[in-house]
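Each chain gets a letter, A, B and so on, in the order its sequence line appears, and its residues count up from 1. We use all heavy atoms of the structure for the numbers below, so side chains are in, but hydrogens, waters and symmetry mates are not.
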Amino acid sequence: MSIVVDRSGPFTHGSNNVSRTMFTVLAALTPATLFNLYLFGWPAIFLFVVTMAACLASEFIAIRVGGGDPNRALGDGSVLITGWLLALSLPPWAPWWVAVVASVFAVFLAKHAFGGLGQNVFNPAMVGRVVVLVSFPVQMTAFVPAKPLFSAGAPGFAESLHITFGRGVSLDGISAASQLGYIKTELSRGVPVTQSMAHLPDLSDMMLGFHPGSMGETALPLILLGGLFLMARKIITWHVPVAMLGTLFVLGTVFNTLDPARHASGWFHLISGASFLGAFFIATDYVTSPVSKQGQLAFGIGIGLLTWIIRTYAGYPEGVAFAVLLMNALTPILDQHFRPRVFGRTRKGEPLPLKGDK
Amino acid sequence: MKLFPIMGGIHPEYRKELTSEKAIVALPLPEALYLPLQQHMGAPAGTTVEPGDLVKKGQLLARASGAISAAVHAPTSGRIEAITEITAPHPSGLPTLTIILVPDGKDEWAELPDAIADPFAVTPQVIRDRVAQSGIVGMGGATFPSAVKLGLGTSHKLEILLLNGAECEPYLTCDDRIMREHADAVVDGARIMAHALGAPKVIIAVETNKPQAIEALGKAAAAFDNVSVAPVPVQYPMGAERHLTQAITGRETPARKLTADVGVVVHNVATARAVHDAVRQGRPLLSRVVTVSGGAVAEPKNVEVLLGTKVTELLKFCGGAQGAKRFVSGGPMMGQPLPSLDVPVVKGTSGILGLTLAETKEAEPSPCIRCGSCVTYCPCGLVPVEMASFIRHEKLEEAAKIGVQDCVSCGSCSYICPSHIPLVHYFNYAKGRIAALDRERRKMEQTKALVEAHNARLERQAQAKREAAAKAKAAKEAAEAAAQAQSSTQGGASA
Ligand code: SF4
Ligand code: SF4
């Protein structure tokens, strides 16, 4: 009897695989997402469904065109994460076509133009978000205060269909800026941060999510819970989130202490915008972040720093998406510069000196 | 005892319970034994018998040839049927020269060398000679001739003989059983080896998932001040030489050096038992304990097997293996796939595993998602994902630059990779290619040096010729000039 020997060991394998990893991430996102869908009602639900469907369809077509087997590729679940994160980073009452444009760019341009899963340099969901943010700034900054499903004042089913799929619904009158946007506008009018802060919901309300923002920018405790769950399952480690949030917090605190009229506090930076979602679910994207722990720390610090700079000095109120994309571009370089120390070698790669030859 | 952390590593499913409570049983005498001349690292042994010879148990069949080699002995008495090529228990499946011995069933002993009554009173050389004579090799699977490794004491100042009872490979329990059932022999063998090495201290490292072995060894070692048992955490690959050395002593062996350079020599527990037998009883290495296990094996067992027994026989003894997806010699992490079941058990065969698909969890590789797990878990601090991508593009030099030759092929990265990428396969390929290229380069350099020397010699000869010619010419010219001068003076004189 002869047996085919086609490869070397090991002849056992961990229970981990790609789709399990991806679906664990989705599971971790679920509580925060459900809560947000509830907070923002039917329009948010429609938008979520549209985004997911558009991403799936784009992926299917992209793989078909590339000659791959769509069933196998879709099975890995990666496109669901892209769609999901993209939906969470859109204003909940945005019209359907914003979601579709974002999805098409996320999947075709950011992912498949680079060669598909594992090859892309930039985080697809963030590419999608940034494309629509620069193309449709009005729609992308029209946030609404939370109007939980079935509460008084929440749009009904038919009205919601109209909001998502209708033509030219005006959100005037009900729309509001996100806190970051609000502070920035006020600051440009000469109102110091110390004063404009007084008009915002207090920090604990903001944490819970009862404030205007993109879907995933609210409900921080649930996002944090999801992040901790991912850490417990060893899908992500603390390095990127802690480095990013830590940097943001430290910068915020230092500058707030130096000049409270110009700079919001560290806490405020942490809990507003997409800091949490970004730290736990976006910056930790495997494909577009460095592979070594050292590289991940540098990557996280970079995102924290850039986020703070963009929020503070640039024209856009929110900077997480841009910061992530900028650091994505640096990932190959970080990968080259931050490697673990090889066993028996110095950091430079020379064999360790023996005791005797010192 | 204070331990030191090692980096990376994984916690695979161990499944040792399949055989850990199965005491070692002996396999009945098989119909024929197939003894390859190469069961060790180094040069194959040279036969000392002819087909048709009658041999006794323990008789030398093939002698070590060269500095790194190991002798082969008759595991039982019988007749040499043939010396021929058969499939080797190696993934290549290439044939190898093998002595076929048909037992006569009498199991008659040959005259053995005398037992060494007090091994601590003789010189290390005497012990090493006995170990060499007995054909003992590293029985953890490395199969490096033990006598050579025991010679490290002459070139290095050693402090510790580290006896490796970690047995970190899943499934395998042969070392566990040896430690439990033959603790005294193991401790005695270790002390003899330490004496041969000139190492004052013996530490026996055992993973904590083998509490009975730890207890048994502790009892056996209690009488000796310089022997201690160190329970080490369950963490694959704890049993890798350099990592075990680091865990126990905190000393990190520099790349391209030996653990001996940091004062430690590592030997396997089964080797210690073999050394005990060789020194105390004069018995050469004739058999070994093999763990036969895996989900496909009907009755997993620990079996004391005569070297040269066919794997088919061994599996039959264990109730057969139906529905195995893979047959592996050794453990599932670093073991070798068997090219056929019609191969013999050799000195390095620590296990024969029949694994089902549910156990191998083999799957088609999918694209790398850059999850970084392989980087996190590599116990050598390498970046497997990057090395693999270099190797895929045949950029071997770049792969070498980031350390592919420092990879110990432990398999942690492949094990953990969610995309099922056969990373170790790439690394083994690259290491083989790089070694081959190195050899080629060296050969080319040698050839070049030879050619250059040849050319230089020719050049020298030509130069000598030219010089000689020039000299001759100069002499001739001088003579002619002299003659002319003479004739002109003569002429002048005559004028
Ligand atoms: S473990 Fe596998 S998928 Fe993850 S980075 Fe390494 S090679 Fe890629
Ligand atoms: S096989 Fe090599 S690269 Fe992979 S984990 Fe082990 S030492 Fe690291």
Note to self: Among M7(B), R256(B), E252(B), K361(B), which residue has the highest count of heavy-atom pairs closer than 4.5 Å to chain A?
What the structure shows: E252(B)

Notebook entry, point to check: Would you say the side-chain atoms of T376(B) and K293(A) include a donor-acceptor pair closer than 3.5 Å?
Noted result: yes

Notebook entry, point to check: Hey, does V291(A) have a side-chain heavy atom less than 4.5 Å from the side chain of V383(B)?
Noted result: yes

Checklist line | Selection from D335(A), T21(A), T237(A) maximising heavy-atom pairs under 4.5 Å formed with chain B | finding: D335(A)

Item checked: Minimum-distance pair of heavy atoms, taken over all atoms of R370(B) and V287(A) -> NE-O, 2.7 Å

Check: Side chain, backbone, both or neither: which part of C371(B) has a non-hydrogen atom closer than 4.5 Å to chain A?
Finding: both

Item checked: Residues, nucleotides or ligands: over 12 heavy atoms within 6.0 Å of R341(A) CZ -> yes

Item checked: Contacts with chain B made by residues 102-125 of chain A (heavy-atom distance under 4.5 Å), listed by residue number -> L117(A), G118(A)

Item checked: Most contacts with chain A, counted as non-hydrogen pairs under 4.5 angstrom, among N428(B), D406(B), V408(B) -> D406(B)

Next item on the list: Please state whether the side chain, the backbone, both or neither of I369(B) comes within less than 4.5 Å of a heavy atom of chain A.
Entry: both

Next item on the list: State, yes or no, whether a side-chain contact exists between V262(B) and L354(A) at a heavy-atom distance under 4.5 Å.
Entry: yes

Check: Relative to chain A, which of C378(B), C417(B), P379(B), S409(B) shows the most heavy atom pairs under 4.5 Å?
Finding: C417(B)

Next item on the list: Please determine, among A255(B), G372(B), G411(B), G330(B), the option with the most heavy-atom pairs under 4.5 Å with chain A.
Entry: A255(B)

Next item on the list: Select one option (side chain, backbone, both, neither) describing which atoms of Y426(B) are under 4.5 Å from chain A's heavy atoms.
Entry: neither

Item checked: V424(B) versus chain A, the contacting section by heavy-atom distance below 4.5 Å -> both

Next item on the list: Output the option from L423(B), I6(B), V328(B) having the highest count of non-hydrogen pairs under 4.5 Å with chain A.
Entry: V328(B)

Checklist line | Max heavy-atom pair count under 4.5 Å with chain A, selected residue of R242(B), E13(B), Q336(B), M334(B) | finding: R242(B)

Next item on the list: Side-chain contact test, heavy atoms from C-beta onward, threshold under 4.5 Å: evaluate it for T12(A) versus M333(B) and give yes or no.
Entry: yes

Next item on the list: Give a yes or no answer on whether the side chain of H425(B) reaches the backbone of S8(A) with a donor-acceptor pair at less than 3.5 Å.
Entry: yes

Next item on the list: May I ask you to name which of S292(A), P351(A), S15(A) has the most heavy-atom pairs under 4.5 Å with chain B?
Entry: P351(A)

Next item on the list: Measure the spacing between SG of C407(B) and CZ of F343(A) and express it to the nearest 0.5 Å.
Entry: 13.5 Å

Notebook entry, point to check: Relative to chain B, which of G349(A), P340(A), S289(A), P290(A) shows the most heavy atom pairs under 4.5 Å?
Noted result: P340(A)

